[in-house]
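Notes to accompany the following structure.
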Amino acid sequence: MSNIIEIKKISKIFKIKEKEKGLIGSLKSIIKPKYKIKKAVNNLSLTVEKGEIIAFIGPNGAGKSTTIKMLTGILCPTKGEAVVAGINPAKQRKKLAYKIGTVFGQKEQLWTHLTPYDNFKFFGAIYDLKNYEIEKRIKELNDTLELEEFINTPVRNLSLGQRIRCEIAASLIHKPEILFLDEPTIGLDPVVKENIRVLIKRMNKEFGTTIFLTSHDVGDIEKLCKRVVIINDGKVVLDDSMENLKYHYLNNKIIEVKMKEKVNLSDEDGITILKDKGYNLKLSIDVAKKSVADVIKLLNTDKIIDINISNEPLENIISNIYKGNKK
Amino acid sequence: MRKYLYIFKSKVMSNLQYVFDLAGGMIGYFLHIFVFVYLYRYLYMGEKDIINGYSLNQMIWYVIITELIWCILGGRKLCYKISKDVKDGNISYNINKPYSYIGYVFFEHLGDIFIKGIIFTIFGMIIGFLFIGSFPNHSILSIIVVIISCILAMFISILLIMIIGLFAFYIEDSNPFYWLYSKVILVLGTLLPIEYFPTVVQGILKYLPSYVVAYGPAKLFVSFSVNNTIKILVAQVIYLFISYLLCVLIYKKGVKKLNVNGG
């Protein structure tokens, strides 16, 4: 398969004005402004294949948005080069616009006083589509994203979930090859979230759209993406398949036990006590160091009333990777 | 071009929801005219029927037209929108769309004021007729020229205000500049025609934006002449061209400075 996004060692450096404390500091900064150099993205390289759904995640301030902004032509990289759908975003921003779609969960693109149908007509015209093409496309999107029920209701009267569906539809009107989704499920309830995920998947399958997703919602990442790229401090710290991520980082098991008697256990190599309420214990086990069987033996099997062994949640795995990178 | 007409059309459609909001603006407009009608009647109470080349009726029509252009324009809203777009980084979401931001805002604003323009114009003509009882002499051709001149005045005003709004790329607050601009237009063209100023000052006034966005179209409406038409339309076309170029230049330079963090 061919690569649709190729990022070759891009960096983005911001010059941020710094001000000392108080009034005197403010006055000083007028006369002699001081600047701090911030490397938002640092020598980042990445390739994405056509048709992939990739999760691009990282803690706040890691450089995700800056990277997306460079890939969509909003910002120019300080160093390096990116090629998106065969186009250099820094040089041919307008040409690229026809090949990509963007949805920012926190930013409305639709005209709130118009109905979704009028909005789609508007966006179609913006992307130079002919009237019959727009109508055909609206029908397709209507079928895939199930918009029929509210296609003629002004956007301001839609629920957040319906609005996001329309946002996604509007960004797909010109059949983009890549869709950048920036936190598409933010603020949605679990049922609507699940709906949106199903629709995103369907869209990827039916239209072959490559999806570049950023989200803080682990559910989005786990359910949608086969590949995860984690960035921190402007660098890629992990680029792996979802399966590998889970497999490699699943050394940790969580054991919750209810005992007949009080047990005295202390932290030792491979065992971390998360909660100790006498009869109830919650432990985290590093199976590379201590097997589950060893731990159960330590607990004395006769005295166990109930036991629950589970995997470390993906959320913890990811936050451990974030923290690990900070050290 | 089709996409810009669509932007215009969508804004008109979206604005149809607010037609009743115009009532407040119409009352304000009426009060302005009312005050000036009495002010000018007082001014013309002496022996002279003509002051600085204008009769009382001409002066009233003059202020009806200049105030009409100013009220329809909605400059403060436009200036605020652009500087807010720049400050919030909202402008970045327009950068990766296949249209020019300048064109987008221009046609969006035209769509914003289109309905208002039609309603206010009819309202203004009715007020004028009620106060004065007659319209200035016009042929169909001359009235078309006046309308063209009014539209050009609108276009130039929008571009000039966009330039002021785009100052937000360089300074924290572009409002003081808008304030200054609005006062120049108000004092040096809207309330009084330039013939009311000393001859030396008149030479300067002919080069100020107030000449093309207020004085010009109103002058053509109250005393139409071929000679004035040529002078005013040429000045308007030059102003339109230069203000468009400046607008594009400031935008292009400003966008390079754009730093969008986080989000």
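Chain identifiers are assigned alphabetically (A, B, ...) following the order of the sequence lines, protein sequences preceding nucleic acid strands; residue numbering begins at 1 within each chain. This is a predicted model, so every value here is computed, not measured.
More than 12 heavy atoms of other residues, nucleotides or ligands lie within 6.0 Å of CZ in A:Phe207, so this atom counts as buried by the packing criterion. The environment of B:Tyr170 atom OH is dense: over 12 non-hydrogen atoms of other residues, nucleotides or ligands sit within 6.0 angstrom. More than 12 heavy atoms of other residues, nucleotides or ligands shown are found within 6.0 angstrom of NZ on B:Lys183. Residue-environment remark: CG (B:Leu16) exceeds the threshold of 12 foreign heavy atoms within 6.0 Å. The environment of A:His216 atom NE2 is dense: over 12 non-hydrogen atoms of other residues, nucleotides or ligands sit within 6.0 angstrom. Atom OH of B:Tyr80 has 12 or fewer neighbouring heavy atoms from other residues, nucleotides or ligands inside a 6.0 Å radius. Counting non-hydrogen atoms of other residues, nucleotides and ligands closer than 6.0 Å to NZ of B:Lys253 gives a total of 12 or fewer. Few gaps surround CZ on A:Arg156; more than 12 heavy atoms of other groups in view lie less than 6.0 Å from it.
In this structure the side chain of A:Lys69 never reaches within 4.5 angstrom of the side chain of B:Asn96, judged on heavy atoms. At least one side-chain heavy atom of A:Trp111 sits under 4.5 Å from a side-chain heavy atom of B:Glu108. Between A:Leu114 and B:Ser10, the closest side-chain pair of non-hydrogen atoms falls below 4.5 Å.
Heavy-atom distances place no part of A:Lys64 under 4.5 Å from chain B, backbone and side chain included. Proximity to chain B is absent for every atom of A:Asn60, based on heavy atoms less than 4.5 angstrom apart. With a 4.5 angstrom heavy-atom cutoff, B:Ile7 touches chain A via backbone and side-chain atoms both. In this structure, the portions of A:Phe122 lying under 4.5 Å from any heavy atom of chain B include both its backbone and its side chain. Residue B:Tyr4: no heavy atom, backbone or side chain, is found under 4.5 Å from chain A. In this structure, chain B has a heavy atom under 4.5 Å from the side chain of A:Thr102, while its backbone stays farther away. Looking at B:Lys9, there are no atoms closer than 4.5 Å to chain A (heavy atoms on both sides), in backbone or side chain.
When all heavy atoms of A:Ala125 and B:Lys3 are compared, the pair lying nearest together is O-CB, 3.5 Å. Residue B:Asn90 comes nearest to A:Lys107 through the heavy atom pair OD1-CE, 2.8 Å, listed as atom of the first residue, atom of the second, then distance.
Atoms OH and NZ, from A:Tyr127 and B:Lys97 in turn, are 4.5 Å apart once rounded to the nearest 0.5 Å. Between the CG atom of A:Asp128 and the OH atom of B:Tyr99 there is a distance of 12.5 Å, given to the nearest 0.5 Å.
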